[in-house]
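A short worksheet on the structure shown next.
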Amino acid sequence: MKGWRKDLADLQQAEAASRAEAEILAARRAKLDRLREQGIEPFPYEYDRVEPIADVRAAHEGLEADTQTEARHRVAGRLASRRDQGGMSFLDLYDRSGRIQLQATSDTLSADAFARLTELVDLGDLIGVDGRAFVSRRGELTLHIEDFEILAKALRPPPDKRHGLQDTEARYRYREVDLMANEESRRVFIARSHIIAAIRRTLDDDGFLEVETPTLQPLYGGAAAEPFVTQHNALDRTLYLRIAPELYLKRCLVGGLERVYEIGKNFRNEGLSPKHNPEFTSIEWYEAYAEYGRAADRTERVVRAAAEKAGYDFEAEGALRFDRPWRRLTFARAVEEATGINLLAHATDESLRDAVRANPKLTKKIPEFEQLNWPKLADELLGEFVEPGLIQPTFILDHPVELSPLAKRHRDIHGLTERWEAYAGGMEIANAFSELNDPDEQRARFEAQVRYSEGGDAEAQPYDEGFVRALEQGMPPAGGVGIGIDRLVMLLTGRATIRDVVLFPALREL
RNA sequence: GCCCCUCUAGCUCAAUUGGUUAGAGCAGUGGACUCUUAAUCCAAAGGUUGAAGGUUCGAUUCCUUCGGGGGGCACCA
C-alpha cells in the first residue's frame, strides 16, 4: 500500500484505536490537574539520599515473618502495582536494583496524603518514599510509608503488570517501555554494560591505551563489506561511515603508541538478520611486538573476564566453556574433517572444484561452486560445513592469503596467513592476525583486491595509499584482534537475536 | 529480494473449524474492604476482528491484493 491509501489506512486505524486509549490518557491527565490544584508539583526537581532497593533488602535479610524494625529507608522508583484495602494499601515499587513492597495506612499518613497515594498516583508513576522496614505476616519485607513524594507523573500507562510488554516490535521500537516492564531485558543491558567495562578494564590493566579514530572516513577499509556513503557539505566531498577501525589503529602503532584499543561502532550496508545489525559495536586491539598466538591467549583472557563480570554460569548445562582454553584447529584441518577435502592438496581453482564436484553432499550446499575461485570456495566450505558445528569456543587458524589481505604470510606454510577467527555458539565472534607490516607486500595485496573488485566483488577492499605510506614509516610487528561485542553479549546473556542486545536496533520506518 | 507463519478491546489471550448479539483476565472508571502480594468482591464501560476487495443466505474463520510483525533462505561479523 503506497501513498494516500496507506495514509488513509493509518488514519482509520488510529481513529479506531483512539477511543478506549483516549479515556485512559484522559484519566491520567485529570489526575495531573487535580494534583496541581492541590498545590502538588507532579514533576519536582530532585529527591536525594535515595538508597537502592537491593541495599534495603540486603540490610534486612533473614528477618522472620511479622517482625517490626526501627530502620528507616528512603527509596525511589516506579510503581508496579497496588493492592488497595480500604484504609490500607500495599504497593510494589521497583528501581534498577530490585523490587520492594510498600504499605500505606490512613493511620500513619494524613487523610489527604493517603487519598493522594491511592487515588491520584497511578501505576507507572515515579515516587519517592520514606518508610520503616518491617516483615509482613506473610514474610515479605515491606516499608511502612511515613512520607512520600510524587517524582514524576506518567501520562501513559505502563504495560500489563502480569505479562509485561511481549509484542516484539514494540519492545524494540519503545525500548524504554520494554526496559521498565521486563526485568529480563534490564538484566541483558546491565550485563552488556558490565561486559564492555570488563573488556576495557582488562586491557587498561595490561597497558593498553584507549584511542578514538574516525568514524567518518574519506576511504573505508579494514574489512570486507559495503559501506554507507555520506556527504560533507563544507568540504564538498564524499565520506564513508567506517566498516572497521583497523587501518587507523595500525597507524597508531606506527606512531609508537604500542598497545591501543578502540571500542566503537562500525557500519555495514547490508541486510538485517538475527546476527546482523547495520551498526554494531566492536573492540579492536593491537599489540606491538606480538603475533597471532599471543593475540589468541589475550582473547581468551579478555572474554573470560567479560563472562565472569556478566555473571555467566560456566557450569550450567550447555554452557560455553569460556573458562577453559579454547579448542584450536587449523582452517585446512577443520575443512578436511568436515568434508574430506585436503585444501593444501588441491591448491588450484580447478583442482578444488574437481574435489567438490566429486561429492554430491558438497555440491548440494554450494551449488554455485563452479563460479568460485579457490579462496572463495575454501571459505564456503568452512562456512557451510564447519562453522555451524563450532559451538564451544574454537580458534580456526591459518586462512588462505587471498582471504586475508591485511595479515602476514604464514611463517611455515606457503599460501596461508597467520590469522585466526574465533567461533562460539555457531557464530564468528572474533578475527585476528599477525599484522602485515611490509609496505611493499601490503601494496601488492591491495592491488590484488582491486583486481577482485574489478572482477565484480563488491566487498573487496579498496586500495589505501595513505595506509601503505604509514607502513613505509615502519610499523612494529603486532598482533591485532577484533571482537564483535554484540555477538559476545548474545552468547553471554543467552539471547538468540542481536536485536535483544542492541538497545535501539534498526527497524523499518513507522 | 524469495519462501513460510502471523495480525481479535490499551495489554495478554478465547470464540465448538463458515452460523444468532465476538468473550475473559489485567489495566482504566464507580463502589466495598486495615497484613495483601496474579489481593478479593460488586457494577458499568471498552471492538470497523490490520486495511481494501471477493466468494457465500451468512465471514474473526475461505480466497486475492496491500500493510505491519516474526521465522527461514541469500549476503555478511
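Convention: sequence-line order gives letters A, B, ...; per-chain numbering from 1.
Ion pairing of A:Arg328 with A:Glu300 is present here, as a side-chain N (NZ or NE/NH1/NH2) and a carboxylate O approach within less than 4.0 Å. Salt-bridge annotation for A:Glu146 and A:Arg72: present, with a side-chain N of the basic residue lying under 4.0 Å from a carboxylate O of the acidic one.
Between the P atom of B:rA77 and the CD atom of A:Glu387 lies a distance of 9 Å, rounded to the nearest Å. Rounded to whole Å, atom C1' of B:rC13 lies 17 Å from atom NZ of A:Lys161. Between the CG atom of A:Asp84 and the C1' atom of B:rG28 there is a distance of 14 Å, rounded to whole Å. The distance between atom CG of A:Asp66 and atom C1' of B:rU36, rounded to the nearest whole Å, is 14 Å. Rounded to whole Å, atom C1' of B:rA32 lies 14 Å from atom CE of A:Met88. The interatomic distance linking A:Ile24 (CD1) with B:rA45 (P) rounds to 16 Å, in whole Å. If you take NZ of A:Lys31 and C1' of B:rA27, they are 11 Å apart, rounded to a whole angstrom.
Evaluation of atom-type donor-acceptor distances gives a pair under 3.5 Å for the side chain of A:Glu140 against the base of B:rU37. One donor-acceptor pair, N or O on each side, does fall under 3.5 Å between the base of B:rU34 and the side chain of A:Asp107. In this model, a side-chain donor or acceptor of A:Ser136 finds a partner on the base of B:rU36 within 3.5 Å. Scanning atom types as modelled, no donor and acceptor separated by under 3.5 angstrom connect the side chain of A:Gln103 and the base of B:rU36.
OP1 or OP2 of B:rA39 has at least one side-chain nitrogen or oxygen of A:Arg83 nearer than 4.0 Å. Put simply, A:Arg487 has no side-chain N or O that comes within less than 4.0 Å of OP1 or OP2 on B:rA77. In this model, the phosphate group of B:rU36 is not approached by any side-chain N or O of A:Gln101 to a distance below 4.0 Å at OP1 or OP2. Neither OP1 nor OP2 of B:rA27 sits under 4.0 Å from any side-chain N or O of A:Arg162. The phosphate of B:rG70 (OP1 or OP2) has a side-chain N or O of A:Arg499 nearer than 4.0 angstrom.
Shown are A:Arg78, A:Arg34, A:Lys31; of these, the salt bridge (Lys or Arg N to Asp or Glu O under 4.0 Å) with A:Asp122 is made only by A:Lys31. Test A:Gln101, A:His60, A:Arg132 against A:Thr142 for side chain to side chain contact (heavy atoms under 4.5 Å, CB included) and you get one pass: A:Gln101.
To the nearest whole angstrom, the two C1' atoms, one in B:rU16 and one in B:rU12, are 22 Å apart.
Judged by distance alone, the side chains of A:Thr118 and A:Asp84 never bring a donor and an acceptor atom under 3.5 Å apart. In summary, the side chains of A:Arg82 and A:Ser89 do not present any donor paired with an acceptor at a separation below 3.5 Å, with no hydrogens or angles considered.
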Secondary structure string for RNA chain B (Watson-Crick or G-U under 3.5 angstrom, | for other-strand pairs): (((((((..((((.....[...))))..((((.......))))......(((((..]....))))))))))))....
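Relative ring orientation between A:Phe395 and A:Trp326 is described as parallel, the plane-to-plane angle staying below 30° on a 0-90° scale split at 30° and 60°.
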